[in-house]
Amino acid sequence: MKIKKVIETKLHALQPQFLEVINESHKHNVPVGSESHFKVTIVSSEFNGKKLLARHRMVNTLLAEELAHSIHALYLHTMTIEEWFEKSGTVNNSPPCLGGSTAK
């Protein structure tokens with residue numbers, strides 16, 4: 001199964017009202033077709049009353065296997081429904097690639 005699909009499947013445990021998983025590997029110095037860099041936007045009432053670090057830990061726990069073996073970078077946007085509406089359903093772009101091991 002593709003990593004993107006695995007991420008989506010596992011994050012459904014948080015009962016998201018909105019979930020978007022974008023493979024951004026093509027923006028990095030990796031082979032064509034790689035699945036190693038992802039941007040995840042997830043909106044869930046499971047995040048109500050939780051600070052950002054706790055939300056990220058919830059996601060990271062669900063994706064522990066993939067983070068250990070497949071995912072190199074995970075850019076997370078974890079929001080409550082209210083936060084999502086306050087931002088009008090928009091999130092920031094991922095930071096630019098700095099070249100990883102090829103940076104000088």
Does anything in residues 70-87 pair up under salt bridge (charged side-chain N to carboxylate O under 4.0 Å, His left out), and if so which pairs, sequence neighbours excluded?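 As it turns out, the salt bridge (charged side-chain N to carboxylate O under 4.0 Å, His left out) pairs with a partner in residues 70-87, which skip direct neighbours, are R55-E83.
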Please tabulate, for the side chains in residues 10-22, all donor-acceptor contacts under 3.5 angstrom to protein atoms that are two or more places apart in sequence or on a different chain.
unit_1 : atom_1 : unit_2 : atom_2 : d
K10    : NZ     : E66    : OE1    : 3.1
K10    : NZ     : E66    : OE2    : 3.0
Q17    : OE1    : S45    : N      : 3.3

Identify the heavy atoms of K50 and E46 that sit nearest to each other, and give their distance.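 Scanning both residues completely, I find the closest heavy atoms to be NZ-O, 3.4 Å.
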Can you name the nearest heavy-atom pair linking N48 to T80, along with the distance?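 Closest heavy-atom pair between N48 and T80: OD1-CG2, 3.2 Å.
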Could you state the interatomic distance from [atom1] ([X]) to [atom2] ([Y]), rounded to the nearest 0.5 Å?
X: T41; Y: L76; atom1: OG1; atom2: CG; result: 9.0 Å
X: K51; Y: H56; atom1: NZ; atom2: NE2; result: 14.0 Å
X: L62; Y: T9; atom1: CG; atom2: OG1; result: 11.5 Å
X: H69; Y: I3; atom1: NE2; atom2: CD1; result: 10.5 Å
X: E8; Y: I42; atom1: CD; atom2: CD1; result: 10.5 Å

Under the criterion side-chain contact (heavy atoms from CB on, under 4.5 Å), I'd like the reasoning laid out for I7 against V40: C-alpha separation, chi angles, the key distance, then a yes or no. CA-CA 9 Å; I7 293 169; V40 173; 4.2 Å; yes
Got L52 and F47 here, is their nearest side-chain heavy-atom distance under 4.5 Å?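 No, every pair of side-chain atoms sits at 4.5 Å or beyond.
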K39/V91 under side-chain contact (heavy atoms from CB on, under 4.5 Å): CA gap, chis, key distance, verdict: CA-CA 10 Å; K39 176 180 176 180; V91 296; 3.7 Å; yes
My understanding is that only residues two or more places apart in sequence, or in another chain, count here; which of them pass side chain to side chain donor-acceptor pair (under 3.5 Å) with K4?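 Here no residue qualifies.
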Check the surroundings of atom NE2 in H72: do more than 12 heavy atoms from other residues, nucleotides or ligands lie under 6.0 Å from it?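 Counting other residues, nucleotides and ligands, NE2 of H72 stays at 12 neighbours or fewer.
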Can V59 be reached from V43 by stepping across I, L, V, M, F, W or Y side chains whose heavy atoms are under 4.5 Å apart? no
Joint cluster assignment, M79 & L63, ILVMFWY side-chain distance < 4.5 Å: no
